[in-house]
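Single-structure report; data block below.
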Amino acid sequence: VNQEKNGQLLSARVPNYPIASRKASREKVTGWSDASPVFPLEIHLSYGKITISRFASSKNWRHISMRKTDSTEKLTTLIKAATSPFHTAAAIVKELRTAGFEPLVMNRPWQLEAGGKYYVEQYGSAVVAFTVGDQVQAEGFRIAAAHTDFPGLRVKQQAEILRETYAQLNVEVYGGAILNTWLDRPLSAAGRVALKSDDVFHPQMRLVDLKRPVFIIPNLAIHLNRDVNKGVELNRQKDMIPLAGMGGEVVSRDFFRELLAKELHVQPEEILDYEMGLYNADQPEYVGIHEEFLSAPRIDNLSGVQAIL
């Protein structure tokens, strides 16, 4: 118990939630170790009754910090790596292989063993992993699923737009994006690119992540949009087109394809196709007085992916 000088506020650790009916009578509450499953509370002592003011789930009642947990650190690591559905799948496969999972392919027979751990990667953007029990029984399965993609902006084909002195990138909204959160943010691009190969039926597939802010969708200055704080509906085809650069005739008409070629160390004409999306380049940050919250892009639904892993 931590009691303030005025005798009105107690901070206590209790092993269970139903505390509202507990009688206090100003007696000392003790007996719970650090290993106990507890809820840190702020409680008010009034006429011998304890009433809940606030509670949160944590083992450290004096300093509630998300940074202390392994799960949030793993989540932030995944968020930094998973900048496209294809990068998400690659990160999942890397973690599964580290955990001893064996790869399977759909067009070959499977040799499954009791106690085995396996995964199948499909199309570069989906992963199915499973374990086989030591005593295999066909009574049922426990299944969990999460999507590897997330709301954002997908780059269109022949996306380069040169307008007056500005270079812009033509994109389309993907998923349930909250459009105004994409304004005034540093944006980068990630995805996969198909390159020419010796086999025309099997192009070389390469992942690419610019890993630096390149694009931005600026808000219009309030002097030109006085009603911006009253709520403005954004036009997906006009207001969500990011800037990529400026310079007029100095900028190539194929600036995005050339940018991808430079990242992949190939010639622009070697690029057959691409599936690229823009992503928020902000890094995950712990916020709050005691770092109680996690602010990060792509939490929907990378949090679900990490929970399953």
Side-chain angles (χ1 to χ4, degrees), residues 79 82-88 125 147-194 207-264 268-269 271-285 295-302:
I79 289 173
T83 51
S84 79
F86 314 108
H87 288 82
T88 303
S125 60
H147 54 85
T148 58
D149 59 352
F150 34 81
L153 304 173
R154 291 291 176 91
V155 182
K156 295 181 180 181
Q157 297 299 314
Q158 298 180 340
E160 297 88 348
I161 298 175
L162 298 180
R163 185 173 298 164
E164 296 182 357
T165 61
Y166 294 98
Q168 295 179 283
L169 198 65
N170 198 3
V171 298
E172 60 183 352
V173 177
Y174 176 84
I178 303 175
L179 298 184
N180 60 8
T181 63
W182 287 82
L183 305 182
D184 300 325
R185 301 269 190 173
L187 304 178
S188 189
R192 67 179 176 182
V193 178
L207 297 186
V208 60
D209 185 351
L210 300 184
K211 294 185 178 181
R212 66 183 188 279
V214 178
F215 312 98
I216 191 169
I217 307 173
N219 249 310
L220 191 62
I222 194 169
H223 312 83
L224 304 176
N225 186 10
R226 291 292 184 180
D227 294 330
V228 64
N229 291 322
K230 296 180 181 180
V232 176
E233 183 178 0
L234 297 173
N235 186 305
R236 297 186 175 204
Q237 282 71 42
K238 295 181 179 180
D239 300 325
M240 301 304 296
I241 305 299
L243 291 175
M246 61 183 301
E249 296 180 356
V250 178
V251 179
S252 170
R253 291 189 175 276
D254 298 317
F255 65 84
F256 185 67
R257 186 174 291 266
E258 291 175 359
L259 177 61
L260 295 179
K262 182 178 179 181
E263 290 292 322
L264 295 170
E269 54 270 19
I271 297 178
L272 299 174
D273 202 352
Y274 57 76
E275 293 180 81
M276 298 290 297
L278 301 189
Y279 68 89
N280 182 355
D282 288 335
Q283 297 298 303
E285 298 286 353
S295 174
R298 302 182 293 284
I299 288 181
D300 176 14
N301 188 32
L302 295 183

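Distance CD/Glu258 to CD/Glu269: 9.5 Å, rounded to 0.5 Å. For the atom pair CZ of Phe150 and CD1 of Ile299, the computed distance is 12.5 Å after rounding to the nearest 0.5 Å. A distance of 7.0 Å separates CG of Leu243 from OH of Tyr166, quoted to the nearest 0.5 Å. Atom-to-atom distance recorded for Gln283:CD and Ile79:CD1 is 10.0 Å, nearest 0.5 angstrom. Remark: Leu153 CG to Tyr174 OH distance equals 12.5 Å, nearest 0.5 Å. The structure places CG of Asp209 at 3.5 Å from OG1 of Thr83, a figure rounded to the nearest 0.5 Å.
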For this session: Carefully, step by step, assess Asp300 and His147 under the rule side-chain contact (heavy atoms from CB on, under 4.5 Å).
Result: CA-CA 9 Å; Asp300 176 14; His147 54 85; 3.4 Å; yes

For this session: Decide yes or no on side-chain contact (heavy atoms from CB on, under 4.5 Å) for Val228 and Leu220, but give the supporting numbers first.
Result: CA-CA 9 Å; Val228 64; Leu220 191 62; over 6 Å; no

Problem set entry | Evaluation steps, salt bridge (Lys or Arg N to Asp or Glu O under 4.0 Å), between Arg192 and Glu275 | CA-CA 5 Å; Arg192 67 179 176 182; Glu275 293 180 81; 2.9 Å; yes

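Using bins of under 30°, 30° to 60° and over 60° for the plane-to-plane angle, the ring pair Phe256/Phe215 lands in the tilted bin.
What you find for Ile271 and Ala261 is that their closest heavy atoms are CD1-N, 3.8 Å. A pairwise comparison of heavy atoms in Gly152 and Trp182 identifies CA-CZ2, 3.4 Å as the closest pair. Closest of all the heavy-atom pairs between Tyr279 and Ala190 is CE2-CB, 3.7 Å. Annotation for Asn280 and Arg298: closest pair O-NH1, 3.1 Å, computed over non-hydrogen atoms. The two residues Met240 and Arg236 make their nearest non-hydrogen contact at CB-O, 3.6 Å. What you find for Leu179 and Val173 is that their closest heavy atoms are CD2-CG2, 3.8 Å.
Annotation: Leu224, atom CG; neighbour count of heavy atoms from other residues, nucleotides and ligands within 6.0 Å is above 12. Gln157 CD: more than 12 foreign heavy atoms inside a 6.0 Å radius.
By the 4.5 Å heavy-atom criterion applied to side chains, Leu260 and Met276 are counted as neighbours. Using a 4.5 Å heavy-atom cutoff, the side chains of Leu234 and Asn180 are in contact. Residues Val232 and Asp239 fail the side-chain proximity criterion, which asks for heavy atoms closer than 4.5 Å. Counting only heavy atoms from C-beta outward, the side chains of Asp184 and Pro218 approach each other to under 4.5 Å.
By the 4.0 Å N-to-carboxylate-O rule, Arg212 lies close enough to Glu263 to be salt-bridged with it. No salt bridge links Glu172 with Arg154; every basic N to acidic carboxylate O contact stays at or beyond 4.0 Å.
Checking side-chain atoms of Tyr274 against main-chain N and O of Lys156 turns up a donor-acceptor pair under 3.5 Å. Between the side chain of Asp254 and the backbone N or O of Arg257, no donor-acceptor pair lies under 3.5 Å. With Thr148 contributing its side chain and Ser125 its backbone, the two residues share a donor-acceptor pair below 3.5 Å.
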